[in-house]
Amino acid sequence: MGYKTLCLGFFCILFAYCIYSPVPENIEEPWKVRTISAIIKITSFLGTLCENMGLMKHEDVITTLSLVHFTKPVSDENVTVIDTDFSNIPVRFYLPKRKSERQRPAVIFIHGGAFVLGSYKMSAYDDLNRLTANKLEAVVVAIDYRLAPKYPFPAALEDCVYVTKFFLQEKVLAKYRVDPSRICIMGDSSGGTLAATVTQLLQNDPNFKGRIKAQALMYPGLQSLDTFLPSHQEYQHGPVLTREMIIKLLCLYVTEDQVLPQAALRNEHMPEESRHLFKFVNWSEFLPEKYKKNHVYTEPVLGKLNASYPVLVDSRLSPLLVNDSQLQSLPLTYIVTCEHDIFRDDGLIYISRLRNVGVQVTHEHVEKGVHGALSFTSAPVFLNLGLKLRDKYINWLEENL
Ligand SMILES: *[C@@H]1O[C@H](CO)[C@@H](O)[C@H](O)[C@H]1NC(C)=O
Ligand SMILES: *[C@@H]1O[C@H](CO)[C@@H](O)[C@H](O)[C@H]1NC(C)=O
Ligand SMILES: *[C@@H]1O[C@H](CO)[C@@H](O)[C@H](O)[C@H]1NC(C)=O
Ligand SMILES: *[C@@H]1O[C@H](CO)[C@@H](O)[C@H](O)[C@H]1NC(C)=O
């Protein structure tokens with residue numbers, strides 16, 4: 001009886017939230033997006049509740065709830081799946097079974113989750129990587145880097161760089177029969193941030209220059225200087241993510257100090273000496289006219305925060321902060337942006353800057369799309385958008401890798 005009442009209560013709250021969550025008009029599958037947004041909001045609310053009651057930290061509650069989506073490394077008729085590690089950093093390999101004379105391409109996969117959540121074990125990612133391995137006859141290596149707040153910046157990045165460099169060794173590539181000239185780095189959301197940074201670091205390192213053939217960035221966040229880009233304002237209440245939720249989680253990658261997220265919400269978190277960096281993220285300069293709409297550019301408010309977080313001016317946190325000469329050397333790039341996504345403009349600005357310096361970019365803009373679609377491709381709620389994006393990405397790899 002108690003259990004049934006609890007379930008009924010939960011569904012009533014979910015239903016109420018769904019009705020209440022506004023979603024943009026021209027969105028695809030609005031009821032599914034409402035349901036996903038509601039589940040995320042309720043989870044976040046439960047997290048805050050548990051934290052305030054002193055039971056468990058906000059992010060631990062979300063992690064615990066997401067464990068139900070975790071998969072074991074299960075091989076199938078086409079692909080051998082193995083969990084192993086490179087110097088204690090867990091990696092999952094997807095190795096095609098089909099015999100082939102040719103060497104294979106490879107994809108290094110970096111999952112999303114705001115640097116705080118997520119794993120390659122999540123069923124949507126497992127499906128994606130399995131399909132990539134099968135369709136492309138590619139070796140896929142997925143990384144479970146260390147997560148914040150237990151391991152703040154730059155732990156996640158260090159792990160991704162380490163695994164990538166380790167994999168790129170001649171003897172490792174030979175072991176998996178990988179063609180060294182056909183390697184792509186891919187990541188979604190904060191995984192896209194990490195993928196962009198790993199690619200920049202390797203391209204600007206004489207020992208690794210030219211080793212990465214392509215990068216694929218799915219709706220990435222690319223800077224933390226300006227939290228008021230037009231898309232941050234338009235989609236501050238969702239769908240899927242809210243600005244408050246995202247700022248709260250992302251700040252944990254820098255610090256657990258509550259002063260930072262509070263300042264970032266007001267967009268008053270950058271230090272005085274960061275003024276010269278704003279030219280790299282100036283939406284008034286880099287956004288196509290269509291997205292500027294009636295937004296008015298305001299100059300940054302600096303020096304309001306007494307605490308100092310040097311990370312905030314580090315291009316390894318905000319890949320948009322590198323100068324044009326460092327961008328110039330970047331490889332073939334695939335970027336997905338979604339119209340109804342708080343991170344839309346981060347992607348659009350990066351595309352403008354990359355194209356300005358002559359980097360070849362394939363831009364997939366999804367008019368009816370929302371953030372995170374690739375992680376909603378399995379039960380209980382899956383989006384057709386996620387399946388479509390997955391197919392488009394794999395097609396692009398087939399043609400370009
Ligand atoms: C194995 O590959 C074939 C051909 O691509 C496909 O039809 C089949 O569904 C795959 N099996 C699994 C378990 O994915
Ligand atoms: C941003 O761009 C606008 C218009 O191009 C310009 O007026 C403004 O000074 C720029 N601000 C910064 C900080 O780069
Ligand atoms: C920042 O420091 C100044 C001078 O030390 C002090 O007057 C001000 O109250 C501090 N502001 C905050 C928000 O702590
Ligand atoms: C770009 O940044 C790099 C690294 O910070 C620096 O060495 C280089 O001089 C800069 N180039 C220009 C044109 O500013």
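Only heavy atoms go into these numbers, but all of them, side chains included; no hydrogens, no water, no symmetry mates. Note that this is a predicted model, so its numbers are computed, not measured. Numbering of ligands and ligand atoms starts at 1, following listing order.
When non-hydrogen atoms are compared, ligand 2 lies under 4.0 Å from neither the backbone nor the side chain of Arg275.
Between Lys72 and Asp83 no salt bridge is recorded (no basic side-chain N to carboxylate O distance below 4.0 Å). Asp324 and Arg353 are joined by a salt bridge, as a carboxylate oxygen and a charged side-chain nitrogen come within less than 4.0 angstrom of each other.
Heavy-atom contacts from other residues, nucleotides or ligands closer than 6.0 Å to NZ of Lys150 number 12 or fewer.
Near Gln326, meaning under 4.0 Å from any of its heavy atoms, are these atoms of ligand 4: 1 (C), 2 (O), 3 (C), 4 (C).
Judged purely by atom type and a 3.5 angstrom limit, Asn134 has no side-chain atom pairing as donor or acceptor with the backbone of Arg130.
Interatomic distance, Leu173 CG to Arg104 CZ, rounded to the nearest 0.5 Å: 12.5 Å.
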Contacts table for ligand 1: protein N or O within a distance under 3.5 Å of ligand N or O, distances only.
from: ligand 1; atom 1: 2 (O); to: Asn78; atom 2: OD1; distance (Å): 3.2
from: ligand 1; atom 1: 2 (O); to: Asn78; atom 2: ND2; distance (Å): 2.4
from: ligand 1; atom 1: 2 (O); to: Asn134; atom 2: ND2; distance (Å): 3.3
from: ligand 1; atom 1: 11 (N); to: Glu77; atom 2: OE2; distance (Å): 3.1
from: ligand 1; atom 1: 11 (N); to: Asn78; atom 2: ND2; distance (Å): 2.8

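Between Ser224 and Ser318, the side chains place a donor N or O and an acceptor N or O closer than 3.5 Å (distance only, hydrogens not considered).
The side-chain heavy atoms of Ser375 and Tyr125, taken from C-beta on, include a pair separated by under 4.5 Å.
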